[in-house]
Amino acid sequence: MTLQTRPLSPIVGVEIIGLDATRPIAERTQRELYDLFVQHGVLLFRGAGASAEAHLRVSRCFGEIERHSVKESWVEGIPELVDISYVPPAPGALSATQPIYEVDGRQMAGWLPWHTDQCFMPKLSRGGVLRAIQVPAEGGGTGFRDKIRLYETLPDRLKDRILDLSVVYKFQPNATLHRFGQPPGLRLVSSSAAMDSLVARLDRDFPPAVHPLVYTQKETGRTVLNLSPAYAVGIERMGQGDSDALLSELVAHCLRSDTAYVHAWQNGDLVAWDNWRVMHCAEGTPPDCTRLIQRTSIMGDYGLGRALG
Ligand SMILES: [Fe+2]
């Protein structure tokens, strides 16, 4: 079977048409999907995610799925599936399942800033696959930006300047404490139990990591602007004034409004993204809306990250 595709948006990604994920996927088709993943960065399989099995089957086309270390996070007893749903808290509950932020004057549960998964670790995961089970009445979009296009559209003086530079990243679950990429007026309304537990072990479990600002996608030779606005703390071996000025300029370039594709979910959608090449964000949902969504993470390592030191 040769897969049919159509552009997902003028910005990034393609929709894969006609994949039957209810049955095992032929090896040739799996290879074809992997090539499309590398070529386009984001793949939509509309309505193909009717079951956990289909979700796992599509995810495995892109690599081995990471097993979540916390048993309580497993969905349906499957260690490869992680639930990132938001359900409004019951009356009297101590905290919501997701942090609630005020973003652009509105309260949003499960909002996440623009980021690359695990950029605060030496190994960058290969990617992820999301499966929408119940879309919320409002909000819930997932944003993607193509870091190959972001590199291509950089002014030449910046391309030259960043060639040999690296960025230091440090994990911080509270986005109001991020140094770059915060929307104006961002406010944390309430944290979650998971956020509180991460904050308590930040320094012990999450030492800083370093990644180059540019790298070449080996299959295609294309250059990637390898920047995650969230978690970036500075340019390695650069004074703070210069580092802040340069990162602010690069982040402003990355977050221009005309470079984002925001996926409007339908129930049963599967969306895969290449974490080495696109950044993503979560729009969040109003705190009284339910959003049921699960994800897988694809293991991998592009081999260019390292611990600081
Ligand atoms: Fe993420």
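Keep in mind the model is a prediction, meaning the values are calculated, not measured.
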J.: Hey, is the main chain of Gln39 close enough, under 3.5 Å, to the side chain of Arg277 for a donor-acceptor pair?
T.: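 Here the side-chain-to-backbone pair exists.
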
J.: Looking only at atom types and distance, does a side-chain atom of His211 sit under 3.5 Å from a main-chain N or O of Cys119, one as donor and one as acceptor?
T.: yes

J.: First locate atom CG of Leu43, then atom CG of Leu270, and finally report the distance between them rounded to the nearest 0.5 Å.
T.: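 Reported value, rounded in 0.5 Å steps: 10.5 Å.
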
J.: So do Leu154 and Leu250 actually touch side chain to side chain, heavy atoms under 4.5 Å?
T.: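 Side-chain contact under 4.5 Å: yes.
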
J.: If you look at every heavy atom in Cys281 and Leu112, which pair is closest and at what distance?
T.: CB-O, 3.3 Å

J.: Which atoms form the tightest heavy-atom contact between Gly110 and Ala282, and what is the distance?
T.: O-CB, 3.6 Å

J.: Begin with the C-alpha distance, continue with both residues' side-chain angles, and end with the deciding distance and a verdict on side chain to side chain contact (heavy atoms under 4.5 Å, CB included) for Ile148 and Val224.
T.: CA-CA 4 Å; Ile148 290 175; Val224 179; 3.8 Å; yes

J.: In terms of hydrophobic clustering (I, L, V, M, F, W, Y; side-chain heavy atoms under 4.5 Å; direct or indirect links), are Leu124 and Ile65 co-clustered?
T.: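 Hydrophobic grouping puts Leu124 apart from Ile65.
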
J.: Are the side chains of Asn267 and Ile133 in contact, using a 4.5 Å heavy-atom criterion?
T.: no

J.: Walk me through whether Thr5 and Ile17 qualify under side chain to side chain contact (heavy atoms under 4.5 Å, CB included).
T.: CA-CA 6 Å; Thr5 64; Ile17 299 152; 6.0 Å; no

J.: Just verifying a value: how many Å separate Leu33 CG and Arg60 CZ, rounded to the nearest 0.5 Å?
T.: 14.5 Å

J.: With the side chain counted from C-beta on, respond yes when Arg149 and Thr259 share a heavy-atom pair under 4.5 Å apart, and no when they do not.
T.: no

J.: Count the heavy atoms belonging to other residues, nucleotides or ligands that lie under 6.0 Å from NZ of Lys218, then report whether that count exceeds 12.
T.: no

J.: Find out whether Arg131 and Ile293 are in side-chain contact, i.e. whether some heavy atom of one side chain is under 4.5 Å from a heavy atom of the other.
T.: no

J.: Please verify the inter-ring angle class for Tyr302 with Tyr215; under 30° counts as parallel, over 60° as perpendicular, anything in between as tilted.
T.: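 Perpendicular.
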
J.: Return the CG to CE distance between Asp244 and Met238, rounded to the nearest 0.5 Å.
T.: 10.5 Å

J.: Would you call the rings of His263 and Trp265 parallel, tilted or perpendicular, taking 30° and 60° as the class edges?
T.: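 Aromatic pair His263/Trp265 classed perpendicular.
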
J.: So does Gly239 get a backbone contact from the side chain of Asp242, meaning a donor-acceptor N/O pair under 3.5 Å?
T.: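 Flag not set: sc Asp242 to bb Gly239 has no pair under 3.5 Å.
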
J.: Check Gln98 against Ile84 and note the closest heavy-atom contact, atom names and distance.
T.: NE2-O, 3.1 Å

J.: Decide, yes or no, whether a salt bridge links Arg157 with Glu249 under the criterion of side-chain N to carboxylate O below 4.0 Å.
T.: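 Result for this pair is yes, salt bridge flagged.
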
J.: Give a yes or no on whether Arg201 atom CZ has more than 12 heavy-atom contacts from other residues, nucleotides or ligands under 6.0 Å away.
T.: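 More than 12 heavy atoms, drawn from other residues, nucleotides or ligands, come within 6.0 Å of this atom.
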
J.: Could you report the tightest heavy-atom contact between Ala232 and Val167, atom names first, then the distance?
T.: CB-CG1, 3.9 Å

J.: Is a side-chain donor-acceptor pair under 3.5 Å present for Lys147 with Thr116?
T.: yes

J.: Please step through side chain to side chain contact (heavy atoms under 4.5 Å, CB included) for the pair Thr97 and Asp83, ending with a clear verdict.
T.: CA-CA 11 Å; Thr97 54; Asp83 199 334; over 6 Å; no

J.: Could you tell me whether a side-chain N or O of His178 sits under 3.5 Å from a main-chain N or O of Gln172, the two making a donor and an acceptor?
T.: yes

J.: Can you confirm whether Tyr101 sits close enough to Asn174 that some side-chain heavy atom of one is under 4.5 Å from a side-chain heavy atom of the other?
T.: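 Side-chain contact under 4.5 Å: yes.
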
J.: Hey, are the side chains of Asp274 and His40 touching, using non-hydrogen atoms and a 4.5 Å cut-off?
T.: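 A side-chain contact under 4.5 Å is absent here.
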
J.: Which is it for Glu236 and Arg306 under the salt bridge (Lys or Arg N to Asp or Glu O under 4.0 Å) test, yes or no, and what are the steps along the way?
T.: CA-CA 12 Å; Glu236 191 181 31; Arg306 58 188 158 82; 2.7 Å; yes

J.: If only atom types and distance count, is the side chain of Arg145 paired as donor or acceptor with the main-chain N or O of Cys254 below 3.5 Å?
T.: yes

J.: Look at the aromatic rings of His115 and Tyr231 and report parallel, tilted or perpendicular, splitting at 30° and 60°.
T.: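 Judged by the thresholds at 30° and 60°, the geometry between His115 and Tyr231 is perpendicular.
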
J.: Side chain of Trp276, backbone of Ser125: donor and acceptor closer than 3.5 Å?
T.: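 Side chain of Trp276 to backbone of Ser125: a pair is present.
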
J.: Taking all non-hydrogen atoms of both residues into account, name the closest pair between Pro122 and Ala307 and its distance.
T.: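 Looks like CG-N, 3.9 Å.
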
J.: Side chains of Pro173 and Leu202: closer than 4.5 Å at any heavy-atom pair?
T.: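 Contact flag for Pro173/Leu202 side chains = yes.
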
J.: Can you name the nearest heavy-atom pair linking Arg222 to Val38, along with the distance?
T.: NH2-O, 3.2 Å

J.: Using the rule that Ile, Leu, Val, Met, Phe, Trp and Tyr join whenever any side-chain heavy atoms are under 4.5 Å apart, tell me whether Leu304 and Met121 fall into a single cluster.
T.: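 No, no single cluster joins them.
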
J.: Would you give the length of the straight line joining atom CG of Leu81 to atom OG of Ser59, rounded to the nearest 0.5 angstrom?
T.: 7.5 Å

J.: Among Val129, Val12, Leu130, Ile298, exactly one meets side chain to side chain contact (heavy atoms under 4.5 Å, CB included) together with Trp273. Which residue is that?
T.: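 Exactly one candidate clears the test, Leu130.
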
J.: When you measure from the side chain of Arg187 to the backbone N and O of Glu102, does any donor-acceptor pair fall under 3.5 Å?
T.: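 Here the side-chain-to-backbone pair does not exist.
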
J.: Could you give the distance from CD (Glu283) to OG1 (Thr142), rounded to the nearest 0.5 Å?
T.: 8.0 Å

J.: Less than 4.5 Å apart, any side-chain heavy atom of Met279 and any of Pro229?
T.: yes

J.: Atom CG of Leu255 and atom CD of Gln182: how far apart are they, to the nearest 0.5 Å?
T.: 12.0 Å

J.: Passes side chain to side chain contact (heavy atoms under 4.5 Å, CB included), Met195 versus Leu188? Steps please.
T.: CA-CA 12 Å; Met195 181 191 268; Leu188 182 65; 4.2 Å; yes

J.: Give a yes or no on whether Glu27 atom CD has more than 12 heavy-atom contacts from other residues, nucleotides or ligands under 6.0 Å away.
T.: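 12 or below, so no.
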
J.: Give a yes or no answer on whether the side chain of Glu32 reaches the backbone of Leu3 with a donor-acceptor pair at less than 3.5 Å.
T.: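 Checking the backbone N and O of Leu3 against the side chain of Glu32, a donor-acceptor pair under 3.5 Å is found.
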
J.: When you check the gap from the basic side-chain N to the acidic O, do Asp203 and Lys170 get nearer than 4.0 Å?
T.: yes

J.: Within the side chain of Tyr86, is there an N or O that forms a donor-acceptor pair under 3.5 Å with the backbone of Pro287?
T.: yes

J.: Does Phe171 have its ring centroid less than 6.0 Å away from the ring centroid of Phe120?
T.: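 Aromatic pair counts; centres sit under 6.0 Å.
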
J.: If hydrophobic clusters are built from ILVMFWY residues whose side chains come within less than 4.5 Å, do Tyr169 and Val210 share one?
T.: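 No, Tyr169 does not connect to Val210 through the hydrophobic network.
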
J.: Do the side chains of Ile235 and Val233 join up, straight or via other hydrophobic residues, at under 4.5 Å, putting them in one cluster?
T.: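 Hydrophobic grouping puts Ile235 apart from Val233.
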
J.: If two hydrophobic side chains count as joined below 4.5 Å and joins carry through other members, does Leu150 share a cluster with Val251?
T.: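 Yes, it is one cluster - the side chains of Leu150 and Val251 are joined through contacts under 4.5 Å.
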
J.: Is a salt bridge present between Glu138 and Arg106, judged by a nitrogen-to-oxygen distance below 4.0 Å?
T.: yes

J.: Do the charged groups of Asp117 and Arg295 touch, with an N to O distance under 4.0 Å?
T.: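 So Asp117 pairs with Arg295 through a salt bridge.
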
J.: Counting neighbours of CG on Asp104 that are heavy atoms of other residues, nucleotides or ligands and sit closer than 6.0 Å, is the number greater than 12?
T.: no

